[in-house]
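Starting from 1, each residue takes its place in the sequence as its number.
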Amino acid sequence: GAAGYSGVRINVTLPLAALMLVLVVLFIMRWGRTSAGLGVLSVGADTLLAESLGLRTLRLKILVFAIGAGIAGFAGALNVQLLGVVVPRDLGFVREIDLVTFVIVGGAGTPLGAVLGAFVLTIGGDFLRVATLDRGWIFGLLLAVMILVRPSGILSRRPMKFCHKREAHIMQRDDARVAIDERRNP
């Protein structure tokens, strides 16, 4: 109800929650290398181009929404099991702003960025609590600085390599041959 839900038997330990986090991040990183994951990346980069290449963008968007909702539900269940209580004010607007700040500061382009942002800002928030400073305006200032200085976050997505080293070597060799042929036959 409105007062929350308490009395949940604590079945999850912090190491188990950390293991689940690692498994989810590994799943996301591995899924990003599948054809569906690459399709989602292309839809995120340019929807019109992805549609022109024959990708079903609506289906991919729904798939990403479903996976994200499943992970969020799983995280919520772990959170209740870890804390033993859920109260509506713990999941309000301020908490949502914290979550968005974690992602933006850490890096929205990679799952490890979100984890790093959450870790850094949670530890930083604990230090601010000791110093009796209001963390809300400090996080807001940090968010503004990060958007201005490094919009991609602390960790940003590196360009993906779509071919193996051997294929890259063959492509470089072919490029060199074309360049030599162009010099010989102007």
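- Side-chain contact between Ser42 and Leu55: present, with at least one pair of heavy atoms (C-beta onward) separated by less than 4.5 Å.
- Residue Leu155 is tested with Val105, Val115, Thr110 for a side-chain contact (heavy atoms from CB on, under 4.5 Å); the sole match is Thr110.
- For the pair Leu63/Ile67, a side-chain contact is recorded, criterion being any heavy-atom separation below 4.5 Å from C-beta on.
- Met29 has its side chain within reach of Leu112: a pair of non-hydrogen atoms, C-beta onward, lies under 4.5 Å apart.
- Summarising the geometry of Val25 relative to Pro111, their closest heavy-atom pair is CG1-CB, 4.2 Å, with the distance given to 0.1 Å.
- Side-chain contact check for Val12 versus Met20: every heavy-atom pair is 4.5 Å or farther apart.
- Atom CZ in Phe74 sits 8.0 Å away from atom CG in Leu23 (nearest 0.5 Å).
- Minimum heavy-atom separation, Leu49 to Ser52: O-OG, 2.6 Å.
- In the hydrophobic clustering of ILVMFWY residues, with side-chain heavy atoms under 4.5 Å counting as a link, Val22 and Trp31 come out apart.
- Val64 and Ile71 fall within the same hydrophobic cluster, defined by Ile, Leu, Val, Met, Phe, Trp and Tyr side-chain heavy atoms under 4.5 Å apart, directly or through other members.
- The heavy-atom pair separating Val43 from Ala50 by the smallest distance is CG2-CB, 3.8 Å.
- No path of Ile, Leu, Val, Met, Phe, Trp and Tyr side chains, each step under 4.5 Å between heavy atoms, connects Leu141 with Leu148, placing them in separate hydrophobic clusters.
- Here the straight-line distance linking atom CG of Leu14 with atom CG of Leu19 works out to 11.5 Å at 0.5 Å rounding.
- The hydrophobic clustering, which links ILVMFWY residues whose side-chain heavy atoms are closer than 4.5 Å, places Leu53 and Leu60 apart.
- Checked against side-chain hydrogen bond (donor to acceptor under 3.5 Å, both in side chains), Asp46 has no partners two or more places apart in sequence or in another chain.
- In this structure, Glu96 and Val100 have side chains that are not in contact, with every pair of non-hydrogen atoms separated by 4.5 Å or more.
- Nearest heavy-atom pair, Val103 versus Ala114, reported as atom, atom and distance to 0.1 Å: CG2-CB, 4.1 Å.
- Note: Leu78 CG to Leu16 CG = 7.0 Å, rounded to the nearest 0.5 Å.
- Linking Ile, Leu, Val, Met, Phe, Trp and Tyr whenever their side-chain heavy atoms come within less than 4.5 Å leaves Leu99 and Phe93 in two separate clusters.
- The side-chain heavy atoms of Leu121 and Asp98, taken from C-beta on, include no pair separated by under 4.5 Å.
- No more than 12 heavy-atom neighbours from other residues, nucleotides or ligands sit within 6.0 angstrom of CZ on Arg56.
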